[in-house]
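Every chain is numbered from 1 and lettered A, B, ... according to where its sequence line falls, protein lines coming before strand lines. Here the structure is a predicted model, which is why all the values come from computation and not from measurement.
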2 protein chains.
Amino acid sequence: MRRTGQPTINDVARVAAVSKKTVSRVINRSPLLGDDTRARVQAVIDELGYIPNPQARALALRRNFLIGLVHDNPNAQTVMNVQQGMLEALHDTEFEMVVRPVDRGSATMLADLRHFLERQRPYGVLLMPPISENDLVAHACREIGCRYVRMGSAMLDEAEHMVASNDREAVRGAVDHLIAQGHRRIGLICGPHGFRSARERRSGFEDALAGAGITLPRSFIADGNYTFESGLTAAERLLDLMPRPTAIFSSNDEMAAGVVHAARMRGLDVPRDLSIVGFDDTPIAAHVWPPLTTVRWPIASMARSATLKLIADSHPEVEEPSLFLSTLIRRASVMAPHG
Amino acid sequence: MRRTGQPTINDVARVAAVSKKTVSRVINRSPLLGDDTRARVQAVIDELGYIPNPQARALALRRNFLIGLVHDNPNAQTVMNVQQGMLEALHDTEFEMVVRPVDRGSATMLADLRHFLERQRPYGVLLMPPISENDLVAHACREIGCRYVRMGSAMLDEAEHMVASNDREAVRGAVDHLIAQGHRRIGLICGPHGFRSARERRSGFEDALAGAGITLPRSFIADGNYTFESGLTAAERLLDLMPRPTAIFSSNDEMAAGVVHAARMRGLDVPRDLSIVGFDDTPIAAHVWPPLTTVRWPIASMARSATLKLIADSHPEVEEPSLFLSTLIRRASVMAPHG
DNA sequence: TTGTAGGCGTTATCAC
DNA sequence: GTGATAACGCCTACAA
């Protein structure tokens, strides 16, 4: 029957002179199986180079061996980091990663996602921020009966379904650092409305100011949307202030790079005239001049853990953590204010 | 039988009072089918919300509906652009994209890839550079009987298996532009050894110099590896030359950003003291100050076409092109040399 | 134009 | 412990 050149379970069974089911038991490491039988079958498997057909397994088990990455994240580096973390977790397993971008703004987003889940029936899906913050999406997964784990900046779901970073506290620490250097007029560039991470980071910023008894006018807070351009624009608004801030916390590195750009355009030296702190620790943070002090966001580790949670019952592992701590990376974009 | 909640082909057949095969014909748009029957069955399909099970189809057809992206590219933006192009092509088809990074340096790379292809039996794979330049990989695909399309900087394979850009000519055009501005001492920063794109771009550079009758010492050519840091290092070596180059062509934008950085560190103004041209037109090219003149590399379009080639026989389309032209994007990093 | 029988490669059930 | 037998959901032959 080896028409495709690929040996099947039948070939193995025939050569080993056992039943298909026995071969199946060997493949699936069934405990109730004689050691000699197992060894004999395994030998035939190796000899024939037999590889179980995932499609047939999927059909029989009524479940696929695909792990979906559902995302609507505009940042390439972030998505790649998540993919890398997932693939680390999936390495040497029978699972494959399928990528599913969605359009947060689209009216049919939820329907599209449902269709994907119902058609493909992935073993599980990893929800990346910001789409992971949408409870309707998580609810759809539940309804359809698809495992899911959400990544986010706060615990939005039960530990089993969640991998979170402590953005609020991390930002508080970063801004505390600025304050400890002597800064009092500190600007904030927010992330996009509707991003939970943007809210958390803003809260951390406000926590730090409140903790130090600093009150600033509303104008020290500028809107951004995590892009370089928005950081540039926001910085221009902030630097127009009189007196202007001596430091700016940017809710991500990309915008922080825009701040550097804006400062340079008006002849300000970073960090002498303006200290800057970013968030993420993406490559751009180290590439920009001066290298940015930033908060390292352990996104790849989070993705790896999230993926391990997803496949936990098929590959029993140690319990995966749900909370990941971000840490401050001190580089050259911060110094004490002068004058 | 609707145990999973999902209606099957049997449910549709029963409700529509036809045979499974007739339903199958509707799904597969078989031409030999009465219009009234088709309409009736389609109505039941819609009513029941029936979705064909891809796993069952895969098993029966002995082929998967997965398109693999095989890559070992270190640049996040490039990989994301390719993924985006692929997903555009796959949108509204039954195919899914699975991502398969490989380690070019690993001794087991080829064996790992074979294992992936033999196990998963993807419908086809897209080979991204630089792994696409490895003939052994293409050969493995052929042997295993897996469709493949290679992306590259030159036609490395038959049109059916290839989507290429004209890097050599594009670079020649870019360097011609520099020469037309009056530059004569032009430095080159190469891509990594073993990357075909690096060779093609270097050839284009040499073509332009030769065409203008310019001869430069070997020291005007510096090695890089497509990273920011390598661009920085290479630029430092180039800028140490006496007399130093008035312009530098960098084989990609990432390294060009490093050149900008290096120039700034030694107080050189770009473009007044140094003109810079990059390659790729990734976001960093527009973000850096000044915005980089660069060569736009239509990587997403290439990936889309490559993917359409892959699924061509299942979704007959117009013939996809195999050669894509890169174009020069003029921004602010180039001007005539002074003094 | 439509239907029937059988198979794709695996797992689950339930005997032995 | 091990093995028939029947799913799983769809498709290809071939028949009607």
If I take atom CG in residue A/Asn53 and atom P in nucleotide D/dG9, what distance separates them, rounded to the nearest angstrom?
17 Å
With a non-hydrogen cut-off below 4.0 angstrom, is B/Leu59 in contact with a base, only sugar-phosphate, or nothing?
base
The nucleotide from D/dC11, D/dT2, C/dT1 with an atom nearest the side chain of B/Thr37 is C/dT1
Any side-chain to backbone donor/acceptor pair from A/Arg147 onto A/Lys309? Under 3.5 Å, distance only.
no
Which pairs with one or both residues in residues 125-137 of chain A pass side-chain hydrogen bond (donor to acceptor under 3.5 Å, both in side chains), sequence neighbours excluded?
A/Asp135-A/Arg150
salt_bridge(B/Arg304, B/Glu88) N-O dist < 4.0 Å
yes
Rounded distance in Å - CZ (B/Arg40) to C1' (C/dT2):
11 Å
Could you tell me the separation between the CG atom of A/Asn10 and the C1' atom of D/dA4, rounded to a whole number of Å?
13 Å
Any side-chain N or O of B/Arg62 less than 4.0 Å from the OP1 or OP2 oxygen of C/dC8?
no
Does anything in residues 18-30 of chain A come within less than 4.0 Å of DNA chain C? Heavy atoms only, and list the residues if so.
A/Lys20, A/Lys21, A/Ser24, A/Asn28
Between C/dG9 (P) and A/Ile51 (CD1): distance, integer Å:
14 Å
In whole Å, I'd like the distance from the CG atom of B/Leu61 to the P atom of C/dG7.
17 Å
Assign each of A/Pro54 and B/Gly34 to its nearest nucleotide of DNA chain C by heavy atoms, then name whichever residue's nucleotide is nearer the 5' end.
B/Gly34
How about A/Asn28 and A/Arg57: does a side-chain donor come under 3.5 Å of a side-chain acceptor?
yes
Rounded to whole angstrom units, what separation is found between the CZ atom of B/Arg119 and the P atom of C/dT10?
11 Å
Can you tell me if B/Asn73 uses its side chain to pair, donor with acceptor, with the backbone of B/Pro129 under 3.5 Å?
yes
In whole Å, what is the span from the CG atom of B/Leu33 to the P atom of C/dG3?
9 Å
Tell me whether A/Arg142 is salt-bridged to A/Glu158, with the criterion being a basic N under 4.0 Å from an acidic carboxylate O.
yes
Among side-chain atoms of B/Glu47 and B/Gln42, is any donor-acceptor pair under 3.5 angstrom?
no
Do side-chain atoms of A/Asp72 reach the backbone of A/Ile131 as a donor and acceptor pair under 3.5 angstrom?
yes
Overall bend - the helix from C/dT1-D/dA16 to C/dC16-D/dG1, comparing terminal axes fitted on five pairs, nearest 10 degrees:
30°
Quick one: do the A/Asn75 and A/Thr78 side chains pair a donor with an acceptor below 3.5 Å?
yes
d(CG, B/Asn64; P, C/dC8) in whole Å
18 Å
